[in-house]
Amino acid sequence: MEGKKAGAKRGPAVAQGARRGFLRGAFGSLMALGFWALGGAGLLWTAAVGRFLVPNAPAGPPTRFRAGVPGDYPRGHVETRFQARFGVWVVHGTHRGRDQIFALRSVCTHLGCITLWQEREGRFVCPCHGSSFDRQGIHREGPAPRPLERCAIAVAEDGQLEIDLARTFQEELGQWEDPASFVEV
């Protein structure tokens, strides 16, 4: 009998220890599951922040584009279709007595506002502070300190005008005499 009593006393203690072991295991498993979930949420948050910092759109328009053949531009014509996308006016004008096609940047040299072409007056006007430039891009009035800049232009192998926005030329530095700043017509 004594053996049974000793076993009976051990029985509840063993059962209680088994319950504690089960509870510790269940709690530990829940803790591990919680830490895994927290780590996963942290990774998702880090990925979301990283994706937020990467721009959705390409950096900008291409720096080179084709603008048709020189014959598309009658003398005295200012082509406006490239202004919105590329920020240039393609002009068939004259400079120092030479008939040229050139690409003028549409950015005012005063504070960087975008100029507007006024066909009736034959001039580019800055809507911000009133500077105006003639058809050749020469400053005529207002606070702008210098003429509009030209972009590099050349006739490509296929006969089309190719404009390079990455290369600009300033008249006051004598760069408008550079053959890369115009196409002689």
Apply side-chain contact (heavy atoms from CB on, under 4.5 Å) to residues Ile101 and Val90 and explain how you reach the verdict.
CA-CA 7 Å; Ile101 295 177; Val90 180; 3.9 Å; yes
Could you give me the CA-CA distance, side-chain angles and deciding distance for Gln100 and Glu184, then say whether side-chain hydrogen bond (donor to acceptor under 3.5 Å, both in side chains) is met?
CA-CA 5 Å; Gln100 303 175 342; Glu184 195 126 17; 5.5 Å; no
Can you check ring-ring contact (aromatic ring centres under 6.0 Å, His included) on His92 and His77, steps first, answer last?
CA-CA 5 Å; His92 184 165; His77 179 69; 9.0 Å; no
Please walk me through it: do Val183 and Leu161 pass side-chain contact (heavy atoms from CB on, under 4.5 Å)?
CA-CA 8 Å; Val183 170; Leu161 296 170; 3.9 Å; yes
Determine whether Arg81 and Glu79 satisfy the following criterion, side-chain contact (heavy atoms from CB on, under 4.5 Å), listing intermediate values before the conclusion.
CA-CA 6 Å; Arg81 65 183 159 144; Glu79 182 59 57; 3.1 Å; yes
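Formation of a donor-acceptor pair under 3.5 Å by the His110 side chain with backbone atoms of Cys113 is not found in this model. Arg135 places a side-chain N or O within donor-acceptor distance of the main-chain N or O of Gly76, the cut-off being under 3.5 Å. With hydrogens and angles disregarded, a donor-acceptor distance shorter than 3.5 Å links the side chain of Trp176 to the backbone of Phe169.
Between the CD1 atom of Ile138 and the NE2 atom of His95 there is a distance of 6.0 Å, given to the nearest 0.5 Å. Interatomic distance, OG1 of Thr94 versus CD of Gln136, reported as 4.5 Å (0.5 Å rounding). Atom NE2 in His139 sits 11.5 Å away from atom CD in Glu172 (nearest 0.5 Å). Here the OG atom belonging to Ser106 is positioned 13.5 Å from the CH2 atom belonging to Trp117, to the nearest 0.5 angstrom. Phe133 contributes atom CZ, which lies 10.0 Å from atom CD of Glu141 (distance to the nearest 0.5 angstrom). With values rounded to the nearest 0.5 angstrom, Phe65 atom CZ is found 5.0 Å from Phe86 atom CZ.
None of Thr115, Val107, Val88 except one satisfies the side-chain contact (heavy atoms from CB on, under 4.5 Å) rule with Leu148; the exception is Thr115.
Qualifying salt bridge (charged side-chain N to carboxylate O under 4.0 Å, His left out) partners for Asp178, counting only residues two or more places apart in sequence or in other chains: none. Partners of Asp134 under the salt bridge (charged side-chain N to carboxylate O under 4.0 Å, His left out) rule, at least two apart in sequence or in another chain, are Arg140.
Closest approach of Asp158 to Gln160, counting heavy atoms only: OD1-N, 3.1 Å. Closest of all the heavy-atom pairs between Thr109 and Arg146 is OG1-O, 2.6 Å. Contact record, Gln175 with Ser181: O-OG, 3.7 Å, taken as the closest heavy-atom pair. Pairing each heavy atom of Pro70 with each of Gly159, the nearest pair is CD-O, 3.4 Å. Residue Ala103 comes nearest to Ile153 through the heavy atom pair N-CD1, 4.5 Å, listed as atom of the first residue, atom of the second, then distance.
The cationic group of Arg150 lies under 6.0 Å from the six-membered ring centre of Phe102 and within 45° of the ring axis, placing it in a cation-pi geometry.
Contact of the Asp164 side chain with the Cys151 side chain is not registered, since no non-hydrogen atoms from C-beta on lie closer than 4.5 Å. When side chains are defined from C-beta on, Phe124 counts as touching Val91, because their heavy atoms get closer than 4.5 Å.
Linking Ile, Leu, Val, Met, Phe, Trp and Tyr residues whenever their side-chain heavy atoms come within less than 4.5 Å leaves Val185 and Phe182 in two separate clusters. Note: the hydrophobic cluster containing Trp45 also contains Phe52 (ILVMFWY, side chain heavy atoms under 4.5 Å, direct or indirect links). Val155 is connected to Leu165 through a chain of hydrophobic side-chain contacts under 4.5 Å among Ile, Leu, Val, Met, Phe, Trp and Tyr, so both are in one cluster. Under the 4.5 Å side-chain heavy-atom criterion for grouping Ile, Leu, Val, Met, Phe, Trp and Tyr, Val69 is not connected to Phe82 through any hydrophobic cluster.
Salt bridge Arg66/Glu157: absent, no basic N to carboxylate O contact under 4.0 Å.
Not less than 2.5 angstrom separates the SG atom of Cys126 from that of Cys108.
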